[in-house]
Amino acid sequence: MSSGGAAARSGEGSPGEGAFVPSALGTREHWDAVYERELQTFQEYGDTGEIWFGEESMNRLIRWMQKHKIPLDASVLDIGTGNGVFLVELAKFGFSNITGIDYSPSAIQLSGSIIEKEGLSNIKLKVEDFLDLSTKLSGFHICIDKGTFDAISLNPDNAIEKRKQYVKSLSRVLKVKGFFLITSCNWTKEELLNEFSEGFELFEELPTPKFSFGGRSGNSVAALVFQKMSSGEAAESSSSLLSSPIVYRN
């Protein structure tokens with residue numbers, strides 16, 4: 001599952017207050033239909049489908065992994081892998097312990113077909129709902145999300161609770177001191193910091209393309225790297241937040 005389009009917001013307020021307009025983009029039925037079509041297209045024409053956020057978004061993440069000398073045998077999980085093209089790129093760069101999950105069986109079937117066509121055999125694929133994980137998924141050094149958290153945020157059925165479950169699942173599958181790389185077109189840096197404040201700390205913000213409109217400039221995409229804290233660090237962080245003075249704003 002991946003999301004390519006920005007969400008509409010209903011008025012003012014943060015997403016935590018339900019500011020996203022619910023959308024079919026947040027439903028399993030939508031993504032099943034998308035990947036059934038893409039699978040058929042691939043089988044008929046060999047077209048692998050869309051690369052969410054473009055090729056540069058994949059290269060940006062791989063450059064970061066190279067810059068920080070992430071070992072090629074580090075365990076990597078691609079959350080909502082979609083057509084699996086990012087897994088293919090990771091494998092081509094030499095990463096050898098990579099797993100892609102998606103809750104759409106058609107997405108996993110498409111990924112498998114593309115990976116087979118590329119002649120790659122060291123990529124693991126699983127039909128898996130990240131919000132309802134099997135007990136086997138754990139101990140990853142790197143977790144990557146390009147649009148899946150965006151899509152979950154649009155779910156018409158209690159998206160706020162689903163986002164909380166996402167953070168719990170992430171905490172479960174990622175090793176302490178492991179890295180979480182998220183690319184989003186629906187969330188700002190500040191909003192993502194708030195969403196992942198429990199158990200994670202910002203490690204680095206990655207540069208993304210800027211846009212200008214009406215004399216104002218900004219980023220249409222946020223790309224952040226979080227690091228999972230140990231339980232002691234998380235408790236200390238929580239304690240320091242509680243002891244901070246409260247500032248009331250008009």
- Item | Evaluation steps, side-chain contact (heavy atoms from CB on, under 4.5 Å), between Lys177 and Lys228 | CA-CA 5 Å; Lys177 297 299 181 185; Lys228 182 180 172 182; over 6 Å; no

- Report the C-alpha distance between Tyr166 and Asp145 in whole Å, list the side-chain angles of each, state the deciding distance to 0.1 Å, and finish with yes or no for side-chain hydrogen bond (donor to acceptor under 3.5 Å, both in side chains). CA-CA 11 Å; Tyr166 181 103; Asp145 180 324; 2.5 Å; yes

- Task: Would you please test Phe130 and Tyr103 for ring pair (Phe, Tyr, Trp, His ring centres under 6.0 Å) and show each step?
- Result: CA-CA 7 Å; Phe130 195 63; Tyr103 67 13; over 10 Å; no

- Could you go through the side-chain contact (heavy atoms from CB on, under 4.5 Å) check for Lys126 and Ile108 one step at a time? CA-CA 7 Å; Lys126 296 182 181 184; Ile108 293 300; 5.9 Å; no

- Message: Could you walk me through whether Ile142 and Ile144 satisfy the side-chain contact (heavy atoms from CB on, under 4.5 Å) test, starting with their C-alpha distance in whole Å, then the side-chain angles of each, then the deciding distance to 0.1 Å, before giving a yes or no?
- Response: CA-CA 7 Å; Ile142 306 280; Ile144 292 167; 3.9 Å; yes

- Item | Worked check of side-chain contact (heavy atoms from CB on, under 4.5 Å) between Arg60 and Trp64 | CA-CA 6 Å; Arg60 183 190 306 129; Trp64 182 88; over 6 Å; no

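Within the 4.5 Å cutoff, side-chain heavy atoms of Phe95 are placed close to those of Met65. Between Leu206 and Leu224, every side-chain heavy-atom pair lies at or beyond the 4.5 Å cut-off. Side-chain contact between Thr183 and Thr208 is absent, with no heavy atoms from C-beta onward closer than 4.5 Å. You'll find the side chain of Thr81 stays beyond 4.5 Å of the side chain of Phe86, heavy atoms only. Leu137 has its side chain within reach of Glu128: a pair of non-hydrogen atoms, C-beta onward, lies under 4.5 Å apart. Within the 4.5 Å cutoff, no side-chain heavy atoms of Val76 are placed close to those of Phe140. Put simply, the side chain of Leu174 reaches to within 4.5 Å of the side chain of Phe180, judged on heavy atoms. Taking the side chain as every heavy atom from C-beta outward, Phe226 and Leu170 never approach each other to under 4.5 Å.
Here Ser153 contributes atom OG and Glu191 contributes atom CD; the two are 9.5 Å apart, rounded to the nearest 0.5 Å. Here the OG atom belonging to Ser113 is positioned 11.0 Å from the CG atom belonging to Asn83, to the nearest 0.5 angstrom. Atom CD of residue Gln165 and atom CG of residue Leu131 lie 6.0 Å apart, to the nearest 0.5 angstrom. Put simply, CZ on Phe93 and CD on Glu89 are 6.5 Å apart, with the number rounded to the nearest 0.5 Å. Atom CG of Leu120 sits about 11.5 Å away from atom CD1 of Ile114, to the nearest 0.5 Å. Here the CG atom belonging to Leu193 is positioned 8.0 Å from the OG1 atom belonging to Thr188, to the nearest 0.5 angstrom.
The backbone N or O of Phe149 sits nowhere less than 3.5 Å from a side-chain atom of Arg163 that would complete a donor-acceptor pair. Side-chain atoms of Ser75 come within 3.5 Å of backbone N or O of His141 as a donor-acceptor pair. Proximity of a side-chain donor or acceptor of Ser184 to a complementary backbone N or O of Ala222 within less than 3.5 Å is not detected.
Nearest approach of Gly139 to Lys175, heavy atoms of both residues: O-CE, 3.1 Å. Of all heavy-atom pairs between Ser111 and Gly82, the closest is OG-O, 2.7 Å. Counting all heavy atoms, side chain and backbone alike, Gly80 lies closest to Thr148 at CA-OG1, 3.3 Å. Residues Pro105 and Val127 approach most closely at CA-CG2, 3.9 Å, considering heavy atoms. When all heavy atoms of Leu133 and Ser169 are compared, the closest pair comes out as CD1-CB, 3.7 Å.
Residues satisfying the side chain to side chain contact (heavy atoms under 4.5 Å, CB included) test with Val167, not counting sequence neighbours, are Phe196, Phe200.
The one candidate from Val173, Leu181, Thr99 that meets the side chain to side chain contact (heavy atoms under 4.5 Å, CB included) condition with Cys143 is Val173.
Taking the six-membered ring for Trp and thresholds of 30 and 60 degrees, Phe179 and Phe203 have ring planes more than 60 degrees apart, a perpendicular arrangement.
Heavy atoms of other residues, nucleotides or ligands lying less than 6.0 angstrom from CD of Glu204 number more than 12. The environment of Lys168 atom NZ is sparse: at most 12 non-hydrogen atoms of other residues, nucleotides or ligands sit within 6.0 angstrom.
In this structure, Lys92 pairs ionically with Glu118, as a charged nitrogen and a carboxylate oxygen lie closer than 4.0 Å. Ion pairing between Glu195 and Lys164 fails under the 4.0 Å rule for side-chain N and carboxylate O. Between Asp78 and Lys146, none of the side-chain N atoms (NZ, or NE/NH1/NH2) sits under 4.0 Å from a carboxylate O, so this pair counts as no salt bridge.
In this structure, Val176 is not a member of the same hydrophobic cluster as Leu77, with clusters built from ILVMFWY side-chain heavy atoms closer than 4.5 Å.
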